[in-house]
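Remember, it's 1-based here, ligands and their atoms both numbered in the order they're listed. Values reported hereafter were calculated over all heavy atoms of this structure, with side chains retained and with hydrogens, waters and symmetry mates removed.
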Amino acid sequence: MAEPLRICITGGAGQIAYSLLYSICKGDVFGSNQPLTLLLLDIQPMMAVFGRCSDGTAGLCLFLCYKVDIVSTADPKIAFKNIDVAILVGAMPRKEGMERKDLLKANAKIFVEQGKALNEVAKKTVKVLVVGNPANTNCMVAQLNAPSIPATNFTCLTRLDMNRAKAQIASRLGTRVEQVKNVIIWGNHSSTQYPDVNHGVVDLGNGPVSIREAVKDDNWLNGDFVKTVQKRGAAIIAARKLSSAMSAAKAICDHMRDWWFGTPEGEIVSMGVVSDGSYGLPQGIVYSYPLTIGPNHKWEIKQDLDH
Ligand code: NAD
Ligand code: LMR
């Protein structure tokens with residue numbers, strides 16, 4: 001039997017985690033025959049929530065997955081001990097009228113503390129995905145506080161933006177999201193990001209064609225499409241009075257599965273990673289680039305794309 005993977009999810013009692021646990025236990029991310037130890041970290045006042053939910057979560061895990069053990073704790077040093085994967089969700093969400101950067105004061109200190117704890121007790125091979133907003137900046141904060149872990153092991157979530165962009169194109173063309181490939185998110189998980197369809201393709205039944213050729217409406221692609229993706233998070237908050245949860249959980253699963261198992265041949269995905277200076281960006285900032293991911297969880301920035 002394979003050794004259990006140790007996976008920590010922070011904000012384990014929050015709304016994204018509530019949607020995320022199901023898919024992870026079901027095997028959507030690490031495979032359904034992979035035993036897991038799930039370490040759920042939240043703040044002390046939320047431990048009562050874990051107490052109330054743990055029977056349900058444990059039952060769900062046993063039902064869905066080969067084998068899952070669950071540990072819930074308010075201590076980052078317990079949650080991060082010898083972990084293979086850290087999914088850092090736990091942070092304050094924004095409210096209507098706020099930009100994600102307005103959360104920095106409340107949330108950056110969480111990532112200072114958690115970066116230090118990862119540095120001290122996680123495996124040096126740990127793969128870290130930062131979700132809590134502002135995700136790029138928090139990722140950089142955690143990475144700078146964990147100097148003993150390679151910077152390439154830190155990523156942040158822009159897959160939600162990529163999924164949103166693909167959904168816009170699919171809906172415009174009346175096709176399925178799976179038929180839309182290689183849409184890129186450049187930059188920050190914020191309203192300054194650039195969703196780029198210029199290297200993307202769509203298969204409407206006769207093989208892949210460029211998205212621009214299929215859509216035949218550059219005004220829409222250069223205007224409303226870009227703005228809709230950039231502002232989608234705010235539109236969801238306006239509608240739900242809560243920020244996205246199920247779609248965020250789905251994007252986390254997509255990001256982690258591709259990081260774990262690699263990208264399909266010919267496909268690129270977008271993740272926030274620590275810049276090596278590619279495309280003229282300053283080294284060290286966390287920036288969403290187009291990547292391919294090979295075996296052994298090694299990602300590479302796709303180079304030389306016109307942009
Ligand atoms: P939520 O309020 O429902 O849950 C957050 C949880 O984190 C709470 O249970 C809270 O107690 C916990 N928490 C707070 N401080 C913590 C700490 N120091 N350690 C561990 N847990 C802690 O919020 P949510 O809707 O699950 O969103 C979480 C974060 O994810 C927010 O910052 C939100 O803006 C962000 N988000 C990012 C993306 C993305 O694409 N990058 C998408 C959606 C949401
Ligand atoms: C999103 O894009 O849905 C999340 O980042 C939540 C938010 O604040 O918009």
Requested in this report: Check each atom of ligand 1 against the heavy atoms of M46 and keep those under 4.0 Å away; list them by number with element.
Outcome: 9 (O), 11 (O)

Query raised in the report: Any idea which residues sit under 4.0 Å from ligand 2, heavy-atom distances?
Result: R94, R100, N133, L160, R164, H189, G233, I237, S243, S244

Query - For L160, atoms of ligand 1 separated by under 4.0 Å from a heavy atom - result: 40 (O), 42 (C)

Query - Any N or O of T10 closer than 3.5 Å to N or O of ligand 1 - result: no

Query raised in the report: Quick one: nearest non-hydrogen protein atom to atom 26 (O) of ligand 1, plus distance?
Result: I16 N, 3.2 Å

Report task. For D304, look at atom CG and say whether over 12 heavy atoms of other residues, nucleotides or ligands are found less than 6.0 Å away. Result -> no

**Report entry** Sub-4.0 Å heavy-atom approach of R159 to ligand 1
**Finding:** no

Query raised in the report: Do other residues, nucleotides or ligands put more than 12 heavy atoms under 6.0 Å from the CZ atom of R240?
Result: yes

Query raised in the report: Among side-chain atoms of S278 and Y287, is any donor-acceptor pair under 3.5 angstrom?
Result: no

Query raised in the report: Who passes salt bridge (charged side-chain N to carboxylate O under 4.0 Å, His left out) against D28, sequence neighbours left out?
Result: K26

Query raised in the report: When you measure from atom 2 (O) of ligand 1 to each heavy atom in G14, G11, S19, P93, which option holds the nearest one?
Result: P93

Query raised in the report: Counting only heavy atoms not in E267, do more than 12 sit closer than 6.0 Å to its CD atom?
Result: yes

**Report entry** Protein residue, atom and distance nearest to atom 32 (O) of ligand 1, heavy-atom basis
**Finding:** M92 O, 2.8 Å

Query raised in the report: Taking NZ, NE, NH1 and NH2 as the nitrogens, is one of them in D161 or R232 under 4.0 Å from a carboxylate oxygen of the other?
Result: no

**Report entry** For A248, the ligand 1 atoms whose distance to one of its heavy atoms is below 4.0 Å
**Finding:** 42 (C), 43 (C)

Query raised in the report: How about K231: does its NZ atom have over 12 heavy atoms from other parts shown lying under 6.0 Å from it?
Result: no

Requested in this report: Using a cut-off of 6.0 Å, state whether more than 12 heavy atoms not belonging to M246 lie near its atom CE.
Outcome: no

Query raised in the report: Is the shortest heavy-atom distance from the side chain of I211 to the side chain of V183 under 4.5 Å?
Result: yes

Report summary line: shortest atom 5 (C) of ligand 1-to-protein heavy-atom contact is with A91 O, 3.6 Å

Query raised in the report: Which protein heavy atom lies closest to atom 19 (N) of ligand 1, and at what distance to 0.1 Å?
Result: Q114 NE2, 3.3 Å

Report summary line: Numbered in order shown, the ligand 1 atoms found under 4.0 Å of a heavy atom of A13 are 9 (O)

Report task. Heavy-atom distances under 4.0 Å are what count here, so tell me which part of Q15 touches ligand 1: side chain, backbone, both or neither. Result -> both

Requested in this report: Only one of L39, L38, I83 passes side chain to side chain contact (heavy atoms under 4.5 Å, CB included) with I7; say which it is.
Outcome: L38

Query raised in the report: Partners of D196 by side chain to side chain donor-acceptor pair (under 3.5 Å), sequence neighbours excluded?
Result: W186, N198

Report task. Could you find the nearest protein heavy atom to atom 37 (C) of ligand 1 and give me its residue, atom name and distance? Result -> V131 O, 2.9 Å

Query raised in the report: Taking everything shown except K241 itself, do over 12 heavy atoms lie less than 6.0 Å from its NZ?
Result: yes

Query - R94/D102 salt bridge by N-O under 4.0 Å criterion - result: no

Query raised in the report: Between L88, N138, L20, I43, which one has a non-hydrogen atom sitting closest to atom 16 (C) of ligand 1?
Result: I43

Query raised in the report: Is the shortest N/O to N/O distance between H189 and ligand 1 below 3.5 Å?
Result: yes

Query - Numbered atoms of ligand 1 (with element) below 4.0 Å of S244, judged on heavy atoms - result: 42 (C), 43 (C)

Report summary line: atom 11 (O) of ligand 1 has as its nearest protein heavy atom D42 OD1, 2.6 Å

Report summary line: among protein heavy atoms, the one nearest atom 29 (C) of ligand 1 is V89 O, 3.2 Å

Query - Option set N133, N163, L103, criterion heavy-atom distance to atom 35 (C) of ligand 1, minimum - result: N133

Query raised in the report: Does a side-chain N-to-carboxylate-O contact under 4.0 Å join K101 and E99?
Result: no

Report task. Flag yes if more than 12 heavy atoms outside E3 fall under 6.0 Å of its CD atom; otherwise flag no. Result -> no

Report summary line: Contact region, I110 to ligand 1, non-hydrogen atoms below 4.0 Å, reads side chain

Query raised in the report: salt bridge (charged side-chain N to carboxylate O under 4.0 Å, His left out) with R159: which residues, sequence neighbours excluded?
Result: D258

